[in-house]
Amino acid sequence: MTTTMSPIDQYSDLFTRLAEQRTSDPKWLSGFRQAGLATFQKLGFPTQDLEEWRFTSVRPVAETAFSPAEPRHSVQASDIEPFLHAELTGPRLVFVNGRFDDGLSNVTDLPSGMTLGNLRTVISSDERFVSERLGKLTNNESAHFTALNNALFEDGLVLFVPSGTKVDQPIQVLFVTASEADPILTNPRNIFVFGAGSEAHIVETHVSLSENVYLTNAVTEVWMGERARADHYRIQRESESAFHFSTLRLYEESNSHFRSHNVDFGGAIVRNDSWGKLDGDNCEATINGLYVLRGRQHIDNHMWMEHVKENIPSHELYKGVLDDHSSAVFAGRIYVHPEAQKTDAKQTNQTLLLSDDARLNSMPQLEIYADDVKCTHGATVGQIDPVALFYLMSRAIDKETARNVLIHAFAADITERIRIDAVRKNIERTLRDRLLT
Amino acid sequence: MLEIRNLHARIADEDAEILKGLSLSVKAGEVHAIMGPNGSGKSTLARVIAGDEAYEVTDGSIEFGGNDLLEKEADERAQDGVFLAFQYPVEIPGVSNTYFLKEALNSIRRARGEEELSASDFLKLAREKAKLVELDEALMKRSVNVGFSGGEKKRNEIFQMAVLDPKLAVLDETDSGLDIDALRIVANGVNKLRDQNRAIIVVTHYQRLLNYIVPDQVHVLVDGRIVKSGDKSLAEHLEEVGYAWVDGELKSAQTAGV
């Protein structure tokens, strides 16, 4: 029977099966999930006829029959150790196959008034906090994967930092997929709320314990109160057979600054959507990304920065290293409202092609309705500079090493902006290992 | 030490020859100056010796220490003791000068079967050599050549030469873009590196540098060939009469040859 189901029917079937486990859900949540399912049924998977999906085919995703992820408790601390930043001694939350694993996590000594936990627990303990925020920043009518997440999310991270609270130690979040042979799907759902003048840093890592096919479909909503500061690191090291979709929805009030760093090494098909609504005078947004692909990996980074108020800088710097037959899409749109005078927006995409078969489509776009603004965008594509290569080789450094040094140097623009030493070193090490294989 | 015979070379994938039968013999302990007008092939010669793949040797040979140099890649040549000080040193953001030079030195040491230097031994050596060209130690921590002034870049090249201790050093227009004080510092550094076991080839457009680095022999390169060789007085003579004189000499030589 299941073999003849259309892709969308499969998800309805999945939804019905899961609904039986979710009988304790509050009514508003059931309604939220139902609405998500209805939207997804209407939208289906995006096709390449849509402008926003022109260069990314999700057919392999649509054609895969995914099973819901079963909770797994067989993952040991030693399994995830290689993926943790041991130097980070602050709170740590581990999700296995989409569900919070209490045993592998460590959340103690939180500042007073702060919430840090998993979504399922917080729905029970502080239902109102979740109901007032869940889905409030997402645009459910046109976002296929967000609708799917709304319908099916299992669990995720909830963070609330009260006004004036500064969290010194970075918060470490690990999403581990420990899949069996059958493809599974997980839909992490995160909510970050930063009170006025608060500050915290989040290191979010996505990894797999196998090279299997599976789907991660994450949605994160972020509120930045006045003068809040936050650094968000998203390190994606999924299986290279996996599909990874992630959506970030950011809302900023005046004088706040959100810095996002996205590093992508894994995934067969990856799509990252970052949406920012910069809705307070003098707030600031920084969205940086590094992607390093090989084989037939494909990544699509889409971002929308909406400048609503005055005097707002936003910066996006994405750098990619593409080898073999890999391909990448960069699409950035900066939208400047008529009131958003003194906008200072900069969008840059630089790509290093290591192979003649690698492909890049770069589409930086500006839409400006204010007259006193500074907006720049630019895209460059290049190969390893032969003069620099010769310079290194003339200093006795062999070609392979010289090439790797230059790739590191190219990526350093991004890695040097990572302010947490342990994270920066981890990424540099991953990059080095990647180049040696 | 270096024996170049009838060398012909061009930019890879281009037809026009730049070096058209150049021969040159340099012994250990000697300093040779290669002078010539723009476009005569001076820099091409320097890069071909160092092994730049952008150039293709179509005829002739280069022997270094009795071995065929042309069959080796640039890194192997450097391991054998060839060093090129670049006319335009390359900026490498994200790679520290110290890391870069330590890698370079240890590659050479590995190739020679010597033990790699520890970080602290390397630093000691680097500090000592930095004094030769009065290089600010702060520059060693910075990314290779990034944000260096023109003079600092040239000094950095000679600093690298001092650390890597080559058998043959080719200095490609090391004087270009230097004011007189910087020129003196760089030249002093080179002079301190003169050694009976080391050969140095100074490639320059102007005689000025040769007032400070006094050569044993001077060669005039015109249109891909050495048309005149002599002692340091040849450089002084050239400075007085200009390269037009050499062109005239060349033409009469060619006429006589026919």
Side-chain angles (χ1 to χ4, degrees), chain A residues 261 263 288-290 292 317-321 348 350-352 354 356 380 382-419 421 423-432 434-436, chain B residues 11-12 46-55 72-97 99-112 143-146 153 156-157 159-161 163-166 168-170 172:
Chain A
H261 313 257
V263 182
N288 292 335
L290 172 69
V292 184
L317 173 62
Y318 270 73
K319 298 191 88 163
V321 180
T348 312
Q350 295 171 345
T351 306
L352 185 60
L354 301 181
D356 292 339
T380 58
Q383 287 162 332
I384 287 190
D385 176 10
V387 178
L389 194 67
F390 171 54
Y391 189 64
L392 290 166
M393 288 180 73
S394 79
R395 300 299 184 255
I397 295 168
D398 69 87
K399 195 181 240 172
E400 195 62 31
T401 307
R403 192 171 161 271
N404 291 345
V405 165
L406 292 174
I407 296 169
H408 270 276
F410 175 81
D413 235 3
I414 300 292
T415 54
E416 282 176 356
R417 287 163 209 251
I418 296 174
R419 291 176 181 177
D421 283 353
V423 175
R424 189 181 59 250
K425 283 180 187 151
N426 184 302
I427 287 163
E428 285 170 348
R429 199 162 46 238
T430 307
L431 181 61
R432 196 168 310 132
R434 169 65 77 93
L435 295 174
L436 291 176
Chain B
I11 294 175
R47 289 177 197 184
V48 167
I49 292 172
D52 188 347
E53 286 176 9
Y55 296 89
K72 298 190 175 186
E73 301 237 29
D75 56 322
E76 298 169 308
R77 297 182 196 194
Q79 286 160 7
D80 287 351
V82 176
F83 179 86
L84 171 64
F86 278 54
Q87 182 180 2
Y88 303 109
V90 180
E91 296 186 5
I92 311 177
V95 179
S96 86
N97 227 1
Y99 167 83
F100 166 63
L101 197 52
K102 184 164 156 280
E103 278 299 298
L105 179 62
N106 280 332
S107 296
I108 292 172
R109 293 179 68 95
R110 276 196 303 273
R112 290 181 186 160
S143 289
V144 180
N145 292 321
V146 176
K153 284 182 184 174
N156 196 29
E157 293 292 286
F159 164 61
Q160 291 177 22
M161 172 181 162
V163 171
L164 300 181
D165 191 21
L168 169 68
V170 183
D172 187 7

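Just so it is clear: chains get the letters A, B, ... in the order the sequence lines come, proteins before strands, and each one is counted from 1. As the structure is a computational prediction, the values presented were derived from the model and not from experiment.
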Item to check | Side chain proximity check, B/F100 to A/V405, heavy atoms < 4.5 angstrom | outcome: no
Next on the checklist: If I compare all heavy atoms of A/A396 with all of B/A78, which pair ends up nearest, and what's the gap?
Outcome noted: N-CB, 3.3 Å
Checklist entry - Where do A/A412 and B/G94 come nearest, in terms of heavy atoms and distance? => result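 For A/A412 and B/G94, the tightest heavy-atom pair comes out as CB-CA, 3.8 Å.
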Using heavy-atom distances under 4.5 Å, tell me whether [X] contacts chain A through its side chain, its backbone, both, or neither.
X: B/P166; value: neither
X: B/L164; value: side chain
X: B/A50; value: both

Checklist entry - Counting heavy-atom pairs under 4.5 Å to chain A, which of B/P89, B/A104, B/A54 comes out on top? => result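 That would be B/A104.
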Checklist outcome for this item: Cut-off 4.5 Å, heavy atoms of chain B, and the answer for A/L389 is neither
Item to check | Listed partners of A/V292 passing side chain to side chain contact (heavy atoms under 4.5 Å, CB included), at least two apart | outcome: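 Partners of A/V292 under the side chain to side chain contact (heavy atoms under 4.5 Å, CB included) test: A/F265, A/L290, A/V321, A/L431, A/R434.
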Next on the checklist: Under the rule for side chain to side chain contact (heavy atoms under 4.5 Å, CB included), what residues qualify as partners of B/A74, not counting sequence neighbours?
Outcome noted: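 For B/A74, the residues satisfying side chain to side chain contact (heavy atoms under 4.5 Å, CB included) (neighbours in sequence not counted) are A/F390, A/M393.
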Would you enumerate the inter-chain donor-acceptor pairs between chain A and chain B whose distance is below 3.5 Å?
unit_1	atom_1	unit_2	atom_2	d
A/Y391	OH	B/N145	ND2	3.3
A/Y391	OH	B/E157	OE2	2.4
A/Y391	OH	B/Q160	NE2	3.3
A/M393	O	B/D75	N	3.3
A/R395	NE	B/Q160	OE1	2.4
A/R395	NH1	B/L84	O	2.8
A/R395	NH2	B/L84	O	3.0
A/R395	NH2	B/E157	OE1	2.7
A/R395	NH2	B/Q160	OE1	3.3
A/A396	O	B/Q79	NE2	3.3
A/A396	O	B/S107	OG	3.4
A/K399	NZ	B/E53	OE1	3.4
A/K399	NZ	B/E53	OE2	3.0

